[in-house]
Amino acid sequence: MLKKFAAAVLGCALAAAILAGCGSDASSKAERPKDELVFVNYRDIRDLNPHLYAGEMYAQEMLYETLITFTPDGFKGVLAESWDISPDGKVYTFHIREGVKFSDGEPCDAYAIKANFDAILENKDRHTWLEMMHVLESISAPDAKTFVMTLSKPYYPMLTELSVTRPFAMISPKAMKNGSTKNGVDKYIGTGPYVLGEVVTDEYAVFEANPNYWGEQPKLKKILVKVIPDNQTRVMALEKGEIDLIFGKNMLDVDSIRKFKDNKDFTVALSEPTSTRQIVLNTNNAVLKDIAVRKALQHATNKQAISDGIFYGVEQPADTLFSKSIPYCDIGLKPYQYDAALAEKMLDDAGWKKGADGIRAKDGQKMELGLLYNSDSVTEKSISEYLQSEYSKLGIVLNIFGEEEQSYRDKMKAGNFDMVFNICWGTPYDPQSSLAAMRMPVYGDYAAQQGLKDKAEIDKAITDIMVSTDEAKRQELYTYVLTRLHDGAVYLPLTYECNKAIYRSDLKGMHFTQTQYEVPFHDMYIE
């Protein structure tokens with residue numbers, strides 16, 4: 001991992017500015033130039049290799065660019081100025097924008113783009129959650145202006161997958177290790193609007209405007225990103241003027257939003273729903289393999305109370321795995337309504353009876369479950385404690401376990417959980433990428449679904465979705481998959497998440513994009 005990387009030698013003045021930015025009084029917004037912004041994140045930027053998944057996505061978005069991007073008005077060219085798709089849907093020809101250079105001066109032409117795809121494909125097994133990897137037959141760069149991708153089958157989410165942050169962002173071939181990126185890169189060199197300056201691990205990172213950026217120069221010339229793990233400490237730093245912007249769905253609790261809502265010095269922004277906050281139920285678990293138990297938990301969970309009591313209505317109750325606003329997902333599924341009495345009856349009827357100790361049991365098996373949550377989230381612990389209390393009234397013992405993110409994800413992937421918090425991937429990944437990843441051990445879905453008798457049929461239908469060319473047939477397949485998962489009660493949807501931000505009111509141009517992970521620094525300026 002690169003601990004420290006400098007795009008240029010920083011002079012004494014810049015070093016002093018950085019130190020001032022990391023202090024308390026010296027970093028007040030009044031003393032900072034208007035072309036500088038102090039941002040905050042709960043952890044370090046980590047490994048920003050654009051072809052792997054460890055780094056912070058907002059930082060990768062600042063440094064690197066993709067062939068195309070996804071906008072509210074559809075796909076838009078970035079490094080590719082335009083593209084053509086063959087009538088059979090198997091050949092994509094991208095016409096590369098001329099004159100674009102990486103920040104180290106190397107040309108970003110079709111040959112450089114092919115070098116990036118070669119590096120990505122060398123590590124193909126790491127990216128098989130993308131169905132594209134299974135249908136991509138060949139790539140070529142017949143000349144410096146043309147990049148061609150040939151598929152074995154038509155693939156409808158092709159442009160969507162090429163537009164997401166990773167792994168299809170471009171890094172300078174000179175920064176690769178002998179043409180490879182799977183074991184790391186030498187430097188973080190992209191074509192984006194910013195370059196990476198000084199980094200002090202777990203303290204701060206400096207991003208500076210790329211003077212050779214091919215597009216419109218950003219008005220903010222320097223972004224200082226501070227690392228502040230604690231939510232309340234971040235909020236206090238914003239109040240004191242030590243930072244200018246807090247951004248991210250898990251970076252702010254609802255109390256903070258309510259606190260700043262009527263403060264004219266700050267602006268609170270909430271996005272449209274981005275993804276579904278959910279709990280995944282492991283069908284291999286000795287208790288949860290009983291579908292009656294899974295359905296009883298659905299009826300035992302008061303989502304409106306979670307929405308009102310924990311999120312103050314900011315996150316609305318979720319009826320289904322995907323919001324009806326997501327393409328292909330408005331299919332008339334009947335929600336599991338909250339009904340504690342019904343939940344108790346279902347458990348009684350299934351043979352799970354309360355003992356003298358008030359805990360349910362069946363055939364000597366106690367109804368005791370574990371709920372795993374990400375301890376870096378400021379809300380999952382609160383939900384866990386609420387469910388622990390509510391389920392106990394029904395005779396269910398719920399043990400809750402908070403783990404730091406990497407440990408939490410490792411346990412999910414290994415299927416080492418009874419119940420675990422998760423989210424849908426959000427736009428533009430939903431529903432296709434979320435479903436595609438269920439067919440392999442990417443997150444917890446694969447392990448959780450192993451107890452379903454029709455798991456193989458569900459997986460086949462998902463595969464057929466990805467290569468379908470008939471819109472009606474595609475909708476039929478989506479309806480089948482979503483109905484089977486809903487009826488199998490594998491997922492316990494809680495609320496529909498939204499992205500959140502609080503920032504100084506003279507910061508303009510702040511908005512939410514089609515992906516919840518991008519922070520649009522390039523569009524921001526301070527009045």
Q: Hey, could you give me each pair passing salt bridge (Lys or Arg N to Asp or Glu O under 4.0 Å) that has a residue in residues 445-454? Not counting sequence neighbours.
A: Asp454-Arg484

Q: Could you tell me whether the side chain of Arg294 and the main chain of Gly488 form a donor-acceptor pair under 3.5 Å?
A: yes

Q: Extract all donor-acceptor atom pairs below 3.5 Å that involve side chains of residues 411-419 and protein atoms in other chains or at least two apart in sequence.
A:
{"from": "Lys411", "atom 1": "NZ", "to": "Glu403", "atom 2": "OE2", "distance (Å)": "2.6"}
{"from": "Asp418", "atom 1": "OD1", "to": "Asn285", "atom 2": "ND2", "distance (Å)": "2.9"}
{"from": "Asp418", "atom 1": "OD2", "to": "Gly370", "atom 2": "N", "distance (Å)": "2.8"}

Q: Salt bridge between Lys460 and Glu457, side-chain N to carboxylate O under 4.0 Å?
A: no

Q: Classify the ring geometry of Phe168 against Phe117: parallel below 30°, tilted from 30° to 60°, perpendicular beyond 60°.
A: parallel

Q: What pair of heavy atoms forms the shortest contact from Tyr204 to Val227, and how long is it?
A: N-CG2, 4.4 Å

Q: Between Phe70 and Phe75 (judged by ring centroids, cut-off 6.0 Å), do the two rings come close enough to count as a pair?
A: yes

Q: Is the distance from the ring center of His486 to that of Tyr336 below 6.0 Å?
A: yes

Q: Has Arg409 got a side-chain atom pairing as donor or acceptor with Glu404's backbone, closer than 3.5 angstrom?
A: no

Q: Within the side chain of Glu518, is there an N or O that forms a donor-acceptor pair under 3.5 Å with the backbone of Gln514?
A: no

Q: Using a strict 4.0 Å threshold on nitrogen-to-oxygen distance, state whether Lys500 and Glu315 make a salt bridge.
A: yes

Q: Which one of Gln316, Gln516, Gln278, Arg277 satisfies the side chain to side chain donor-acceptor pair (under 3.5 Å) criterion with Glu497?
A: Arg277

Q: Can you tell me if NZ on Lys362 sees more than 12 non-hydrogen neighbours from other groups inside 6.0 Å?
A: yes

